[in-house]
Amino acid sequence: MNGAESLVETLAGAGVEVCFANPGTSEMHFVAALDQMGDMRCVLGLFEGVATGAADGYARMADKPASTLMHLGPGLANGLANVHNARRANTPMVNIVGDHATYHKEHDAPLTSDVEGVASAFSDWVLTSTDSRSVARDGAAAVAAAITPPGRVATLILPADASWNEADGPAPLPPVAGRAPVAPEAINDVVRVLRSGDPAVLFLGGHALRKPGLTLAGRIAAKSGARLLAQTLNARVERGAGRVAVDFLPYPVDAALATLADARHLVLVGSETPAAFFAYPDKPSVLSPPQCETHTLAAPGEDIVGVLEALTEELGASQDAAVQAREKHSLPSGEAITPEAAAAAVGTHLPEAAIVVDEALSAAAAFISRTRGAAPHDYLQVTGGAIGIGLPLATGAAVASPDRKVVCLQADGSAMYTVQALWTQAREGLDVTTVLLNNRSYAILKEELSNVGGDETGGRALDMMELDRPSLDWVGLARGMGVEAGRARTMQELERQLTAGLRSEGPYLIDLVL
Ligand SMILES: Cc1ncc(C[n+]2csc(CCOP(=O)(O)OP(=O)(O)O)c2C)c(N)n1
């Protein structure tokens, strides 16, 4: 057995079932090992950002890591924006990055770079295997690092000779610490706050937004009068009819400030202290008001559900909160499609147990609001604000959840970063309906231009935000990659296209002309 084979067997033995890959020469032994070992599904992405975004989507739904396979420093660099998003989602991820053979590095061949340097900026754990006999142990350590709560990015760099030289065999997964229990003092502090009658917000993130956590948070809110609020961008929220409803902190600074204006206490439950996405002239960076005290009930890696259980007991909060009612929107019969009307149609027709991927950007608020009372679904967002994740995230989510419909709400500019994901969806026959929000512009940047005081700008600046010269043929692009597609210019056409897309069991793209 060589080093690469020992690695594949180690990963598979540790529960890593899928590898999202874009390989090169230095990874050929790993690729060959995938074939020989046969325990791992290998999914090809035609750009590394597709592989990393798909690994993120997979892990968000499967609750365990996928591996990626990338080609030296440049391959990894191509994938990093979505590694960043994954890290911000606390996604467990195992990146395998091939490198030159150890003895070849000194020759400074064209693909030589500081791979550890490239990896370090976006990984929680980085290691270069020194030789073939340590590869299995290193691989097991990488999986252990990735699944350490709340979920981390581990990058293992694999020199070619560590791949092809003789190894001893696979290595077992070392022990991994579970979620740490919360200190009783933190619980007591929050009990005191919630009993005080002061206006309090339970600010939810991570597993607090899955059904068991939300149900408990709902009871605590019902008993204490505290308000529930989720982070602006979340890895995965279980929402829709029958679930405890939770609003997301809005993205625009003024709206976020207004949402938190009357809070006297902000209780972090698996979330981070809310900060503005960007600084703006004359606006604060911190979104909670000055008189508001922040209390950490549970850090993202702590036992969030356990502490919510303890808190419900302490407060005697045994009554379930009211749950979200099913909402069906009356669909406007007018001709033009607006983001709001499109969102109402999607919310009304969303199938039960769908996975919704939201890279809708300027239309996101409309979709969040109109899917609130949709059939129960999971909602996945762009956690790190690096665009170009929607199509890959949907791809990975569909690989993880073959029995569920994935609906990808995809802004057009962002789609173009990783459009190759459509080809992977076709190749793998994935059940993804993409609603492509074709507004032919970087619309959100136009808003941002005026937010930073750039109202006076002229045509040249605005031209950097227009995608209409030439306009993109989305139906043609999708079909060119093997994905069925149709165009909707009116609400009637959208309804027809939604029916076709949701009925299809493979990938389908709706070019929604806004
Ligand atoms: C990796 C990365 N590059 C650039 C940006 C800056 N950026 C934010 S939004 C945006 C344009 C988004 O346009 P589109 O996806 O069409 O959505 P719309 O604003 O039209 O709704 C850009 C370029 C970013 N957030 N991430």
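Start at 1 and go down the list; that is how both ligands and their atoms are numbered.
Contacts between Ala360 and ligand 1, counted as non-hydrogen atom pairs separated by less than 4.0 Å, involve the backbone only. Proximity of Asn439 to ligand 1, defined as any heavy-atom pair under 4.0 Å, is confined to the side chain (atoms from C-beta onward).
Two residues are said to be in side-chain contact when any heavy atoms from C-beta on lie closer than 4.5 Å; Val432 and Thr434 meet this criterion.
Distances from atom 1 (C) of ligand 1 to the heavy atoms of Ile389, Leu436, Leu445, Ile387 put Ile387 nearest.
With respect to the salt-bridge test (charged N to carboxylate O, under 4.0 angstrom), the residues Asp99 and Lys105 qualify. Using a cutoff of 4.0 Å between basic side-chain nitrogens and carboxylate oxygens, Glu466 and Lys446 are scored as salt-bridged. For Arg487 and Asp511, the salt-bridge test passes: some basic side-chain N is under 4.0 Å from an acidic carboxylate O. Of the charged side-chain nitrogens involved, none lies within less than 4.0 Å of a carboxylate oxygen, so that Arg440 and Asp412 do not count as a salt-bridged pair.
Of the options Arg239, Arg60, Arg236, Lys211, a salt bridge (charged side-chain N to carboxylate O under 4.0 Å, His left out) to Asp378 is made by Arg236 and by none of the others. Here the rule is side-chain hydrogen bond (donor to acceptor under 3.5 Å, both in side chains) with Thr68, and of Asn22, Asn82, Thr155, Asn95 only Asn95 fits it.
Close contacts of ligand 1 with Ala386, meaning ligand atoms under 4.0 Å from a residue heavy atom, involve 26 (N). Every atom of ligand 1 is numbered from 1 in the order shown, and the set under 4.0 Å from a heavy atom of Ile444 is 9 (S), 18 (P), 19 (O). Near Gly413, with a cut-off below 4.0 Å to any heavy atom, the atoms of ligand 1 are 14 (P), 15 (O), 16 (O).
No donor-acceptor distance shorter than 3.5 angstrom exists from the side chain of His100 to the backbone of Ala160, with no hydrogens or angles considered. The closest donor-acceptor contact from the side chain of Ser401 to the backbone of Ala398 lies at 3.5 Å or more, if one exists at all. Looking only at distances, a side-chain donor or acceptor of Arg479 sits under 3.5 Å from a matching main-chain atom of Ala485.
For atom 12 (C) of ligand 1, the closest non-hydrogen atom of the protein is Leu361 CD1, 3.3 Å. Scanning the protein heavy atoms around atom 13 (O) of ligand 1, the nearest turns out to be Tyr442 CD2, 3.2 Å. Nearest to atom 17 (O) of ligand 1 among the protein's heavy atoms is Ala411 CB, 3.2 Å. For atom 21 (O) of ligand 1, the closest heavy atom belonging to the protein is Ser362 OG, 2.5 Å. Counting only heavy atoms of the protein, atom 25 (N) of ligand 1 lies nearest to Gly385 O, 3.0 Å. Among protein heavy atoms, atom 23 (C) of ligand 1 sits closest to Tyr417 OH, 3.5 Å.
Heavy-atom distances between Ala364 and ligand 1 stay at or above 4.0 Å for every pair. Taking 4.0 Å as the cut-off, Ala81 does not count as a neighbour of ligand 1 on heavy-atom distance. By the 4.0 Å heavy-atom criterion, Gly388 is excluded from the residues contacting ligand 1.
For atom 6 (C) of ligand 1, no protein heavy-atom neighbour is present inside the 4.0 Å cut-off.
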